[in-house]
Amino acid sequence: MSHRRTAPRPLLATGALTAVLALALTSCGLGGGEATESPSTTPSASESASASPSASASGSASASESASSSPSQSASTSPSASTSPSASASGSASASASEPAAAASEATVYWVGAAGQSGGIEFPGCGEVLIEDEVPVSAAGAVGDPSLVKAALQSLFAERNFDVGSSGLMNALYQSELTVQDVTIQGDTVTVNLSGQPMSAGTCADPQIIAQLENTAIANAGTYTAEILVNGEPIQDAMSQKG
């Protein structure tokens, strides 16, 4: 009677199963290794992501700081530039407003010159001409001010000599007793009111007196025409009644 030995087969099966399990465990170990390495790279990505917002935040913060500082600088410098012209304008305006108009130190008068004298103004008479002259005055306004007209006429009346210095000029008013009452300037006409009595040396002196008075008044009033009144009537009528 023969017997078969069957014990080795289970051992082979057990050994094969052990090998399979070992291989599976090995493969699982390898997969587990890769799985453990993958999470290590994930935090680095998250770290880069978290670093990226901080960098952009710092960049935007620096940009906002530069943007906020730029307007503040322009705002601080702009008013100083704008205040300089206004200060100079207000200073010039106050200076011009505080400066009074300069008073005239001289007035224009007219004397009578010989016929044919160069630079003279012709007038109806006996051929003589009027010669312009400047005389010193005080407390008188500028041209166009009645006070300057009055000062100029008073200079004529103050000259009591027929010959004016050594210039060869003459004063036809040297005998007249006249005083300026008031002067009015309206438009292109100056009106002078005189009191007293004009005195003439002869027929040729009448137009000389009128020409001296009218042209002296016009030059200092800055007008085109003059009306001379003596005791309320025109100078022409007053001359006809002279003594």
Side-chain angles (χ1 to χ4, degrees), residues 92-113 117-123 125 128-201 205-239 242:
S92 62
S94 61
S96 62
S98 61
E99 291 178 358
S105 59
E106 291 184 336
T108 301
V109 297
Y110 285 90
W111 310 113
V112 179
Q117 187 171 343
S118 62
I121 301 174
E122 295 182 359
F123 62 93
E128 296 86 2
V129 294
L130 291 178
I131 302 299
E132 181 179 317
D133 191 17
E134 299 293 328
V135 295
V137 295
S138 60
V143 173
D145 194 311
S147 65
L148 185 61
V149 178
K150 183 177 181 179
L153 293 173
Q154 287 175 335
S155 297
L156 286 180
F157 304 151
E159 178 58 59
R160 307 306 294 178
N161 297 314
F162 177 72
D163 295 317
V164 181
S166 59
S167 60
L169 300 178
M170 301 167 284
N171 180 23
L173 288 157
Y174 78 104
Q175 291 180 315
S176 299
E177 299 290 340
L178 297 171
T179 303
V180 181
Q181 297 299 317
D182 61 75
V183 177
T184 304
I185 300 174
Q186 186 173 8
D188 293 331
T189 302
V190 53
T191 302
V192 179
N193 287 297
L194 303 175
S195 62
Q197 182 63 47
M199 300 294 293
S200 174
D206 291 356
Q208 293 172 0
I209 290 173
I210 295 173
Q212 278 189 266
L213 293 174
E214 289 181 343
N215 284 272
T216 298
I218 289 171
N220 294 279
T223 59
Y224 292 103
T225 59
E227 183 179 4
I228 309 299
L229 304 177
V230 179
N231 302 320
E233 62 179 353
I235 182 70
Q236 292 80 2
D237 297 338
M239 292 302 296
K242 64 184 178 294

- Query: Would Ile228 and Ile210 satisfy side-chain contact (heavy atoms from CB on, under 4.5 Å), going step by step from the backbone distance to the final call?
  - Reply: CA-CA 8 Å; Ile228 309 299; Ile210 295 173; over 6 Å; no
Where do [X] and [Y] come nearest, in terms of heavy atoms and distance?
X      : Y      : result
Val230 : Pro198 : CG1-CD, 4.1 Å
Leu229 : Glu227 : CD2-OE2, 3.7 Å
Met170 : Val164 : C-CG2, 4.0 Å
Ala107 : Leu148 : CB-CD1, 3.9 Å
Ala205 : Ala172 : O-CB, 4.2 Å
Gly144 : Ile185 : O-CD1, 3.2 Å

- Run the numbers on Val192 and Leu153 for side-chain contact (heavy atoms from CB on, under 4.5 Å), then give the verdict. CA-CA 10 Å; Val192 179; Leu153 293 173; 3.6 Å; yes
For [X] and [Y], which I'm curious about, is there any donor-acceptor pair between the side chains at under 3.5 Å?
X      : Y      : value
Gln212 : Tyr110 : no
Thr108 : Glu134 : yes
Thr223 : Asp188 : no
Asp133 : Trp111 : yes

Straight-line distance of [X] [atom1] to [Y] [atom2], nearest 0.5 Å:
X      : Y      : atom1 : atom2 : answer
Leu173 : Gln208 : CG    : CD    : 9.5 Å
Asp206 : Ser200 : CG    : OG    : 3.5 Å
Gln117 : Ser167 : CD    : OG    : 8.0 Å
Leu169 : Glu159 : CG    : CD    : 10.5 Å
Met239 : Glu233 : CE    : CD    : 11.5 Å
Tyr224 : Thr189 : OH    : OG1   : 11.5 Å

Would a 4.5 Å heavy-atom cut-off, applied to side chains only, mark [X] and [Y] as touching?
X      : Y      : answer
Leu194 : Thr179 : no
Val143 : Asp145 : no
Met199 : Glu177 : no
Val190 : Val183 : yes
Leu130 : Phe123 : yes
Leu213 : Phe157 : yes

